[in-house]
Amino acid sequence: MSVAASRRLLSPVRLGPYELRNRVVMAPMTRNRAGAGRAPTSAAVQYYEQRASAGLIVTEATHAVPAGVGYPNTPGIHTPEQIAAWRRVTEAVHARGARIFLQIWHTGRISHPSLQPDGALPVAPSPIAPPGQLYTGQGMAPFVTPRALELDELPGIVEGFAEGARHALAAGFDGVEIHGANGYLLDQFLRDGSNHRTDAYGGPVERRARLLLEVTEAVAGVLGAGRVGVRVSPRNPYNSMHDSNPAATFGYVARALNAIGPAYLHVTETRGGEERLVSPALRDAFDGTFIANGGYTQALAESALATEAADLVAFGVPFISNPDLPERFAVGAPLAPADRATFYGGDERGYVDYPRGVERQDGTLEPAA
Ligand code: PHB
């Protein structure tokens, strides 16, 4: 591969109304370190600021309404204090020249009464409990059978995402990524393993996709479609998810999104194994920018860009332990390994203490030892 072709990852690209300085995206990652009132802390400001050599940062998943929560110490964006705290994050990131989208989720059945307002049951498309247990903050507990959302509650779910988009604007975000992936509420509606409804939001894919499409339309109504992204995970079994035909389900989603015109579709899909990748078909079906994610290295990312399998590539784990990931890519510096023990929760260790390389006199990076 020529030098030019091998440097596409670090070349600028247009995303909606924005000119990104490179095609390296920091993937959304739950870190469970929100502070009092589930607001981002000053360490979170530092964490995102350290990683702002990315072209685009997508924040950790954030609930837009109190009932959207599903884990201890994840941040929200529904109180004035949370909005003010997020504003400090966006200002720090903008000062370093990156763009930042807020990822908004509703966790649906991946929650627990002990985390819900008034001890309520979590909600879902259908009353199907995921097998196993979850961490509630006071130890492990079995998942409960969620309450199926009534038809007349669904406009309220859509409105919750729109409210989150308004709050994201107030906090200075450049856009919003709608979390339609990884087994949370919108994905629970999309995939037929978790959606057994027989009304207008269940059954054939046109109905299972309706909630995600209505949410996307509502968020686009707030921000303009060019400032909206959608993330899906067609084959991820995480959170006990299954779909009988991921290619058909997510192919429909990708095509139907075109009518709304969000800036990007962000697909997380792990390569390897027997199953065929769904991503290439989604890339072809979707008219907007395509962000690929799932175990990419610099070389794999360059090859995906060279073959136009993706427009941008999102990196998760490498960004935890390499806050200056794009600079390291630029000089071919080695990547530091990430410590899994500090991924979720805890203090500043494993959060803001991964070293950045030191800049030499000539502007190149002296990788940190
Ligand atoms: C997690 O906390 O395990 C988690 C959160 C959000 C995701 C995936 C995993 O999208």
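Both counts, for ligands and for their atoms, begin at 1 and track the order of listing.
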**Request:** Kindly indicate, with the supporting measurements, whether the criterion ring-ring contact (aromatic ring centres under 6.0 Å, His included) is fulfilled by H63 and H78.
**Result:** CA-CA 8 Å; H63 54 281; H78 54 83; 5.2 Å; yes
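- Counting heavy atoms of neighbouring residues, nucleotides and ligands inside a 6.0 Å radius, atom CZ of R271 exceeds 12 of them.
- In terms of protein heavy-atom proximity, atom 4 (C) of ligand 1 is nearest to Y184 OH, 3.2 Å.
- Between N239 and R109, the closest heavy-atom pair is O-NH2, 3.4 Å.
- Below 30°, between 30° and 60°, or above 60°: for Y351 and Y47 the angle between ring planes is below 30°, a parallel geometry.
- Across N236, D187, T107, a single residue satisfies side chain to side chain donor-acceptor pair (under 3.5 Å) together with N182, and that is N236.
- Nearest protein heavy-atom contact of atom 5 (C) of ligand 1 is T30 OG1, 3.1 Å.
- The shortest N or O to N or O distance between N182 and ligand 1 is under 3.5 Å.
- Annotation for ligand 1: atoms under 4.0 Å from non-hydrogen atoms of W105 are 5 (C), 6 (C).
- Polar contact with ligand 1: present for Y238 (N/O pair, distance under 3.5 Å).
- Residue H179 places a heavy atom under 4.0 Å from ligand 1.
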